[in-house]
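Notes for the one structure printed next.
Quick note on labels: first sequence line is chain A, next is B, and so on, each numbered from 1. In what follows, every heavy atom counts, from backbone to side chain, and hydrogens, waters and symmetry copies are set aside.
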There are 2 protein chains.
Amino acid sequence: MTTPIRTRVLDRIDLAILDVLQRNGRISNVNLAKEVNLSPSPCLDRVKKLESEGYIEGYSARLNSAKLGQALVAHVEITLKSSTEAVFSVFREHIVKIPQVVSCDMVAGGFDYLVKIRVADMAQYREVLGKIVETPGVSTNHTYMVIEHIKIDSGLTVL
Amino acid sequence: MTTPIRTRVLDRIDLAILDVLQRNGRISNVNLAKEVNLSPSPCLDRVKKLESEGYIEGYSARLNSAKLGQALVAHVEITLKSSTEAVFSVFREHIVKIPQVVSCDMVAGGFDYLVKIRVADMAQYREVLGKIVETPGVSTNHTYMVIEHIKIDSGLTVL
DNA sequence: TGTCATGCAGCATTTAATTCTGTTTCTGAG
DNA sequence: CTCAGAAACAGAATTAAATGCTGCATGACA
């Protein structure tokens with residue numbers, strides 16, 4: 001259920017590899033090896049090991065959302081009608097299926113879920129919000145439209 | 001200042017390339033070509049073009065935050081004392097420099113900024129929150145600790 | 001209908017990934 | 001203190017991929 005805890009101590013070189021790959025996931029192994037002061041073969045061994053042990057979960061291209069017509073981001077706070085597992089469960093099932101929902105966190109505090117959505121325009125925002133609030137069990141919602149991205153998804157601080 | 005609008009129409013193959021690379025950023029060009037039913041050379045041409053035109057901004061390894069000792073995520077709503085550009089500017093400068101701040105959006109609605117932070121534990125949360133609220137101009141703050149990640153950073157819907 | 005531009009496949013060359021081997025270094029037992 | 005074993009490394013050889021080049025096919029346009 002939960003993610004396993006760190007099973008071994010990563011040394012300086014492992015952390016350097018993670019740091020480089022987080023910033024440049026498509027660097028060649030030869031150049032990665034240079035960055036971390038190793039020869040290519042042990043460097044590749046370490047990367048494979050970090051992958052198989054789950055420190056690296058995968059690699060992604062970062063796409064420009066504005067150029068792909070999805071410039072509008074909104075954060076939506078959702079409160080459910082009751083805090084029973086049955087209601088939570090239904091909400092989870094529904095929310096996960098909406099493609100424009102980028103992320104969804106259950107939170108402790110004044111509401112139940114914080115949902116981040118990414119859409120092309122206000123018309124689509126309205127459409128997606130409709131889908132969300134129509135989910136059985138949803139009581140109230142508040143939207144905060146993003147005006148400006150001050151800091152965008154910086155990775156983990158690994159060094 | 002703003003990101004340029006889409007300058008050309010991406011065809012089905014371009015979108016398929018983006019979709020594959022978003023899910024597997026380190027796939028070899030040979031295999032990518034197979035996925036999108038092209039031979040390697042035109043496939044590589046398209047990738048390079050998508051990169052140079054800015055549709056692809058870069059590539060990242062996705063790291064397992066729990067295994068790297070940063071399992072705790074919190075969303076912090078920040079309100080500033082005044083809505084002048086001078087105050088905003090100071091806040092931006094400070095917030096960007098805090099490594100544990102993963103993202104920060106200026107929003108329209110009941111508060112000014114929504115800040116996402118990632119920390120090891122509550123002690124570090126307290127430390128980081130201290131840095132945030134000590135930033136000149138900050139008036140009020142509310143934290144929502146994440147209990148469960150329902151949907152994690154799904155990419156753009158490109159197809 | 002001919003010409004140009006675009007995009008493609010296939011081949012050749014360069015570069016990188018992968019595998020294998022031998023050496024060094026560290027650790028722990030005797 | 002010394003030796004056996006394991007782990008990690010560098011370097012060479014092999015396999016595979018990236019890159020660059022050439023020519024063909026297709027579609028736009030005069």
Heavy atoms only: give me the nearest [X]-[Y] pair and the separation to one decimal.
X	Y	result
A:Pro40	A:Asn29	O-ND2, 3.0 Å
A:Cys104	A:Val101	CB-CG1, 4.4 Å
B:Ser65	B:Arg118	OG-NH1, 3.2 Å

Length of the [atom1]-[atom2] vector between [X] and [N], whole Å:
X	N	atom1	atom2	value
B:Leu44	C:dC8	CG	P	12 Å
B:Leu32	D:dT19	CG	P	12 Å
B:Asn29	C:dA17	CG	C1'	15 Å
B:Arg8	C:dT6	CZ	P	12 Å
A:Ile17	D:dA8	CD1	P	12 Å
B:Leu50	C:dG7	CG	P	12 Å

Roughly how bent is the helix from C:dT1-D:dA30 to C:dG30-D:dC1 end to end, in steps of 10 degrees, with each end axis from five pairs?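 Helix axis angle between the two ends: 30°.
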
Taking distance alone, no hydrogens or angles, what donor-acceptor pairs closer than 3.5 Å link side-chain atoms of residues 69-78 of chain B to residues at least two apart or in another chain?
| from | atom 1 | to | atom 2 | distance (Å) |
| --- | --- | --- | --- | --- |
| B:His75 | NE2 | A:Asp105 | OD2 | 2.9 |

For residues 126-134 of chain A, tabulate all N or O donor-acceptor pairs below 3.5 Å that involve a side-chain atom, not counting sequence neighbours.
none

For residues 81-92 of chain A, which side-chain N or O atoms pair as donor and acceptor with protein atoms under 3.5 Å away, sequence neighbours left out?
| from | atom 1 | to | atom 2 | distance (Å) |
| --- | --- | --- | --- | --- |
| A:Ser82 | OG | A:Thr84 | OG1 | 3.3 |
| A:Thr84 | OG1 | A:Val87 | N | 3.4 |
| A:Glu85 | OE2 | A:Arg92 | NH2 | 2.8 |

If the condition is side-chain contact (heavy atoms from CB on, under 4.5 Å), which residues does [X] pass it with, not counting sequence neighbours?
X	value
A:Lys48	A:Leu44, A:Glu51
A:Arg46	A:Asp11, A:Ile13, A:Asp14, A:Ile17, A:Leu38
A:Thr140	A:Thr79

Side-chain touch B:Tyr55/A:Leu68, heavy atoms, less than 4.5 angstrom: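 Touching, per the 4.5 Å side-chain cut-off.
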
Going 5' to 3' along nucleotides 23-28 of chain D, which nucleotides have protein heavy atoms under 4.0 Å from the base (write B), which only from the sugar-phosphate (write S), and which from neither (write -)? ------

Starting at the 5' end of nucleotides 9-14 of chain D, put B wherever the base has a protein heavy atom under 4.0 Å, S where only the sugar-phosphate does, and a dash everywhere else. SBB---

Look at B:Lys48 and D:dA18 and indicate whether a side-chain polar atom (N or O) is within less than 4.0 Å of OP1 or OP2.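 No, because none of the side-chain N or O atoms of B:Lys48 sits under 4.0 Å from OP1 or OP2 of D:dA18.
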
Enter the distance from B:Ile117:CD1 to B:Gln100:CD here, rounded to the nearest 0.5 Å.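 Atom-to-atom, B:Ile117:CD1 and B:Gln100:CD are 8.0 Å apart.
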
Using a side-chain heavy atom cutoff under 4.5 Å and only I, L, V, M, F, W and Y, what cluster partners does A:Val102 have?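 Listed partners: none, A:Val102 stands alone.
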
Near DNA chain D, which residues from residues 19-27 of chain A have a heavy atom under 4.0 Å away?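 Those residues whose heavy atoms fall under 4.0 Å from DNA chain D, taken from residues 19-27 of chain A, amount to none.
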
Pairwise salt bridge (charged side-chain N to carboxylate O under 4.0 Å, His left out) hits with a residue in residues 19-38 of chain A, at least two apart: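 Residue pairs with at least one partner in residues 19-38 of chain A: A:Asp19-A:Arg23.
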
